[in-house]
Amino acid sequence: MTSLPRVAVFALGGTIASSADSGQAATVRITGAELLGGVPEARQVAAVEVHTLKMVPSGDLRLPDLLGLRSRVEAAVRSGVDGVVVTQGTDTLEETSYAFELLTSLEVPVVFTGAMRNSSLPGSDGPANLLAAVRVAACPQARGLGTTVVFNDEIHSSRHVRKAHPSSTSAFASPGLGPIGYVSEDRVRILMRPAGRLHVRVPAAAADARVAQLTVFFDDDGRIIETVPALGYDGLVVAAFGGGHVPSWIAPILAKVAEQIPVVFTSRTNAGEGLRQTYAYPGSESDLISRGLVPAVSVGTSHATVLLRLLLMAGVEREALAWCFEQASDPHGLVSISAGGPSA
Ligand code: ASP
């Protein structure tokens, strides 16, 4: 008799762990073990072990929680588990799953999932998402994919996934790419594999770095932007218009900020790749680059904020940041970045 694959589930709270009393709104109150108890089918797919690490809405998760999760997951992998599932709230799942991907370089599948409807609602999606996530975590073909997000039977790469709807059970999407696979009945289909992965070596005891994230808006006067360094932030991510543009009067403000802390600019369209040399007016993408801002290339805004924070925590020199964002956009093989510099 062949033994079942071993899957470790780490529960952090969120809607998937929430329920409500009659006529009331939901709160987080379901442990990982209770969650698994509601999906007996999971135990036919894998030998599942469950650990409840947090019971919070995902807006309350913080980077130290992910560093703690990393050490627990790495210990589970050392003990021989074949795959890992992380359950949490969906609000910050695009950031946490990407942060976890950057913080680790694991071969075993690591699958983040959650739910849009709490367990007291008709058609609650938590059990189906959890079962699909366990199937992917237990699937040998999912090895080496990096951290994925399994939701509504779709498999998304953490590098591209976004929460794109406030309430739909198909809230997760990978704009411009789509899911890299899907689950159908008991079958896991991997349709695409990433060309490479990025790993940022952040030691467990690394000092935190704080990165602010701002979006440039119509007729922005730049007053908030100029306050960022004085507030003690170590870096800034600015979501610029279109291909990477800001009003002409904002460009010198950003340049002044960039003299003090690294400033990365993304596109507030959150799709495609930013421009480099299409426009030359003050505030254009080429102007921002010439003023010392770092293009995020194709990394979306919330992902860029996570990446810049981890790069700063890893002690990566400012001169290497542009290279790192280039690698994050187009990695080949496993690219590992540490304070000593990048190594492809
Ligand atoms: N507010 C919830 C959270 O992120 C939403 C969810 O889980 O879907 O924790």
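Since the model is a prediction, treat every value here as computed from it, not as a measurement. Values below: every heavy atom of this structure, side chains too, minus hydrogens, waters and symmetry copies. In this chain, residues are counted from 1 in sequence order.
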Side chain of [X], backbone of [Y]: donor and acceptor closer than 3.5 Å?
X: Arg159; Y: Ala328; value: yes
X: Ser174; Y: His156; value: no
X: Arg29; Y: Met55; value: no
X: Asp220; Y: Val216; value: no
X: Ser71; Y: Gly68; value: yes
X: Ser120; Y: Ser19; value: no
X: Ser18; Y: Gly14; value: yes
X: Asn118; Y: Ala26; value: no
X: Thr227; Y: Ile224; value: yes
X: Thr31; Y: Glu34; value: yes

In terms of hydrophobic clustering (I, L, V, M, F, W, Y; side-chain heavy atoms under 4.5 Å; direct or indirect links), are [X] and [Y] co-clustered?
X: Val246; Y: Val294; answer: no
X: Val264; Y: Val299; answer: yes
X: Val238; Y: Leu231; answer: yes
X: Val110; Y: Leu198; answer: yes
X: Met192; Y: Val188; answer: yes

What I'd like to find out is whether the side chain of [X] reaches to under 4.5 Å of the side chain of [Y], using heavy atoms alone.
X: Thr96; Y: Gln88; value: yes
X: Thr269; Y: Phe241; value: no
X: Arg189; Y: Ser184; value: no
X: Phe100; Y: Val73; value: yes
X: Val335; Y: His199; value: no
X: Val200; Y: Leu103; value: no
X: Phe325; Y: Leu311; value: yes
X: Leu145; Y: Pro194; value: yes

Notebook entry, point to check: Which residues pass the ring-ring contact (aromatic ring centres under 6.0 Å, His included) test with Phe10, sequence neighbours left out?
Noted result: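 Residues passing ring-ring contact (aromatic ring centres under 6.0 Å, His included) with Phe10: His51.
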Margin query: Taking salt bridge (Lys or Arg N to Asp or Glu O under 4.0 Å) as the cut-off, I'd like each qualifying pair that reaches into residues 99-121, sequence neighbours left out, listed once.
Written below: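 Salt bridge (Lys or Arg N to Asp or Glu O under 4.0 Å) check on residues 99-121 returns Glu101-Arg197.
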Margin query: Taking salt bridge (Lys or Arg N to Asp or Glu O under 4.0 Å) as the cut-off, I'd like each qualifying pair that reaches into residues 269-282, sequence neighbours left out, listed once.
Written below: Arg276-Glu326
So, taking the atom named [atom1] in [X] and the one named [atom2] in [Y], what distance separates them when rounded to the nearest 0.5 Å?
X: Phe112; Y: Phe151; atom1: CZ; atom2: CZ; value: 13.0 Å
X: Leu214; Y: Arg268; atom1: CG; atom2: CZ; value: 13.5 Å
X: Asp153; Y: Ser170; atom1: CG; atom2: OG; value: 11.5 Å
X: Leu69; Y: Arg72; atom1: CG; atom2: CZ; value: 9.0 Å
X: Asn270; Y: Thr301; atom1: CG; atom2: OG1; value: 4.0 Å
X: Ile250; Y: Glu226; atom1: CD1; atom2: CD; value: 8.5 Å

Note to self: The test is side chain to side chain donor-acceptor pair (under 3.5 Å); show your working for Glu94 and His303 and say whether it passes.
What the structure shows: CA-CA 8 Å; Glu94 69 187 54; His303 289 70; 4.7 Å; no
A quick test of your reading: do over 12 heavy atoms of other residues, nucleotides or ligands sit less than 6.0 Å from [atom1] of [X]?
X: Leu177; atom1: CG; answer: yes
X: Tyr233; atom1: OH; answer: no
X: Arg223; atom1: CZ; answer: no

Show me the donor-acceptor pairs within less than 3.5 Å that the side chains of residues 38-45 make with the rest of the protein, sequence neighbours left out.
residue, atom, partner, partner atom, Å
Arg43, NH1, Val48, O, 2.7

Under a plain distance cut-off of 3.5 Å, with no hydrogens placed, do [Y] and [X] share a side-chain donor-acceptor pair?
X: Ser158; Y: Thr147; value: no
X: Arg201; Y: Ser336; value: yes
X: Gln277; Y: Ser286; value: no

Next item on the list: Please lay out, stage by stage, how Asp65 and Leu53 fare under the test side chain to side chain contact (heavy atoms under 4.5 Å, CB included).
Entry: CA-CA 9 Å; Asp65 298 322; Leu53 302 187; over 6 Å; no
Note to self: Walk me through whether His245 and Tyr281 qualify under ring-ring contact (aromatic ring centres under 6.0 Å, His included).
What the structure shows: CA-CA 9 Å; His245 310 141; Tyr281 57 80; 5.6 Å; yes
Item checked: Ile155 vs Ile190, side chain to side chain contact (heavy atoms under 4.5 Å, CB included): CA-CA, chis, key distance, verdict -> CA-CA 8 Å; Ile155 306 169; Ile190 308 298; 3.9 Å; yes
Notebook entry, point to check: So does Asp186 pair up with Arg135, basic N to acidic O under 4.0 Å?
Noted result: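 No, Asp186 and Arg135 are not salt-bridged.
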Check: Is the shortest distance from a Lys or Arg side-chain nitrogen in Asp208 or Arg62 to a carboxylate oxygen in the other one below 4.0 Å?
Finding: no
Notebook entry, point to check: Taking it one step at a time, do Val56 and Leu12 satisfy side chain to side chain contact (heavy atoms under 4.5 Å, CB included)?
Noted result: CA-CA 7 Å; Val56 294; Leu12 303 176; 5.6 Å; no
Checklist line | Heavy-atom pair with the smallest gap, counting every atom of Ala137 and Pro109 | finding: O-CG, 3.5 Å
Next item on the list: Determine the minimum heavy-atom distance between Val297 and Ser329, stating which atoms define it.
Entry: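 That closest heavy-atom pairing would be CB-OG, 3.1 Å.
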Which atom pairs, one a donor and one an acceptor, fall under 3.5 Å between side chains of residues 75-82 and the rest of the protein, sequence neighbours left out?
residue, atom, partner, partner atom, Å
Ser79, OG, Arg6, NH2, 3.2
Ser79, OG, Ala76, O, 2.7
Asp82, OD2, Arg6, N, 2.7

Donor-acceptor pairs under 3.5 angstrom involving side-chain atoms of residues 253-261: please list them, not counting sequence neighbours.
residue, atom, partner, partner atom, Å
Gln260, NE2, Lys256, O, 3.0

Note to self: side chain to side chain contact (heavy atoms under 4.5 Å, CB included) for Leu308 and Asp234? Distances and angles first, verdict last.
What the structure shows: CA-CA 10 Å; Leu308 179 58; Asp234 305 295; over 6 Å; no
